[in-house]
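Before any comments, here is the structure.
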Amino acid sequence: MAADLTYYTIDDLRLGQRRSDGPGWRLMEFTRRSEAFRDYRSLGVENIKVLGVTNGIQALDLVRCVPVFSEHKACEDVLMMDYKNLPFWHMNPMVKQLAEECVETFRIRYGLHEFTLFPLHQKPEKQLAKKRFRLLNVEGSCSPIRWMYVAGVGWLSPQEFKKRYIPPKRHDFQYPLVMKYRVDAVNKDGRILLLEIAPRDFEHMISEN
């Protein structure tokens, strides 16, 4: 399967999919990764551009350039995290390797999962490294998350977050940047605590629970 993968770029998603009778985005396909990387870099920094991989039947966007902060006109490369939730792609070691190479090559700081941006390189919390916790779902909810800290906004409840940001505005590629969660957890002594953790720590704890 790995040998059949090829690469593609899209110059600007805001242009819409091209039709035979009108303008739209430009999609280019490449057999060599280096050529795809070069073409992606050549596209404008204000474009909502895409770098992806395909097996000829299914396509997977891996990198997208989006405005991380609303006051910035220039966009920033972010890693598309969808592949981790798609067994067909997640089980392919070449895709994981390619994602890691994209992070290093384009110096990617943030990941985009569904409609939310997260920091990729936050250091693990010391309290999590030394102790083990079990997450507890909030009463009346199927999630342990009580609060979400959105950059430039502050702490929001999950309900308020969904009301503001989900679904995103059509053709608006501005996504909220979530820096921390406050979650309910119980330690080995049975004590219930409210932890403040990074999204990556949360994903790690979810996989352990």
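Just so you know, these numbers use all the heavy atoms, side chains as well, and skip hydrogens, waters and symmetry mates. None of the values given here were measured: they were computed from a predicted structure.
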Take R182 and L195 through the test side chain to side chain contact (heavy atoms under 4.5 Å, CB included) and record every step on the way to the result.
CA-CA 5 Å; R182 283 178 179 162; L195 299 181; over 6 Å; no
For residues 41-68, pull every pair meeting ring pair (Phe, Tyr, Trp, His ring centres under 6.0 Å), keeping only residues two or more places apart or in separate chains.
none
Set of side chain to side chain contact (heavy atoms under 4.5 Å, CB included) partners for [X], sequence neighbours left out:
X	answer
S34	R32, R38
W25	I10, D11, L13, L15, Q17, L27
K96	E100
V153	V150, L156, R164, Y165

Smallest separation among heavy atoms of [X] and [Y], with atom names:
X	Y	result
Q58	W89	O-CZ2, 3.4 Å
S42	D39	OG-O, 2.6 Å
M94	R33	CE-NH1, 4.4 Å
F115	P176	O-CD, 3.3 Å
V178	P199	O-CG, 3.6 Å

Could you pull out all residues at least two apart from [X] that satisfy side chain to side chain donor-acceptor pair (under 3.5 Å)?
X	value
D61	Y8
Y175	R64
E35	none
D12	R14

Examine [X] and [Y] and state if one hydrophobic cluster contains both, with Ile, Leu, Val, Met, Phe, Trp and Tyr joined whenever side-chain heavy atoms are less than 4.5 Å apart.
X	Y	answer
I166	F118	yes
L60	F88	yes
M91	L5	no
L43	L79	no

So does [Y] get a backbone contact from the side chain of [X], meaning a donor-acceptor N/O pair under 3.5 Å?
X	Y	answer
D189	R191	no
E46	C75	no
N55	I57	yes

Who pairs with K163 by salt bridge (charged side-chain N to carboxylate O under 4.0 Å, His left out), at least two apart in sequence or on another chain?
E160
Interatomic distance, [X] atom [atom1] to [Y] atom [atom2] [nearest 0.5 angstrom]:
X	Y	atom1	atom2	answer
R146	L136	CZ	CG	9.5 Å
Y7	F37	OH	CZ	7.5 Å
N187	L193	CG	CG	5.0 Å
I197	K180	CD1	NZ	11.0 Å
D184	R134	CG	CZ	11.5 Å
L194	W147	CG	CH2	10.0 Å

Result block: side-chain N/O donor-acceptor pairs under 3.5 angstrom for residues 103-112, not counting sequence neighbours:
{"residue": "T105", "atom": "OG1", "partner": "E101", "partner atom": "O", "Å": "2.8"}
{"residue": "R109", "atom": "NE", "partner": "E76", "partner atom": "OE2", "Å": "2.8"}
{"residue": "R109", "atom": "NH2", "partner": "E76", "partner atom": "OE1", "Å": "2.9"}
{"residue": "R109", "atom": "NH2", "partner": "E76", "partner atom": "OE2", "Å": "3.2"}

Would you say the side chain of P119 lies within less than 4.5 Å of the side chain of L177, judging by non-hydrogen atoms?
yes
Do the side chains of M81 and L120 get nearer than 4.5 Å, heavy atoms only?
yes
Not counting sequence neighbours, which residues clear ring-ring contact (aromatic ring centres under 6.0 Å, His included) with Y149? List them please.
W155
Scan V45, L51, V63 and name whichever one has a side chain to side chain contact (heavy atoms under 4.5 Å, CB included) with D77.
V63
When L62, L98, N92 are each screened for side chain to side chain contact (heavy atoms under 4.5 Å, CB included) with Y83, the one that passes is L62
Would you check, one step at a time, whether the test ring pair (Phe, Tyr, Trp, His ring centres under 6.0 Å) holds for F202 with Y181?
CA-CA 8 Å; F202 176 77; Y181 291 140; 5.0 Å; yes
Evaluate whether atom CE of M28 has more than 12 neighbouring non-hydrogen atoms of other residues, nucleotides or ligands under 6.0 angstrom away.
yes
As a quick check of understanding, evaluate side chain to side chain contact (heavy atoms under 4.5 Å, CB included) for E29 and T9, giving each step before the final call.
CA-CA 7 Å; E29 298 184 65; T9 61; over 6 Å; no
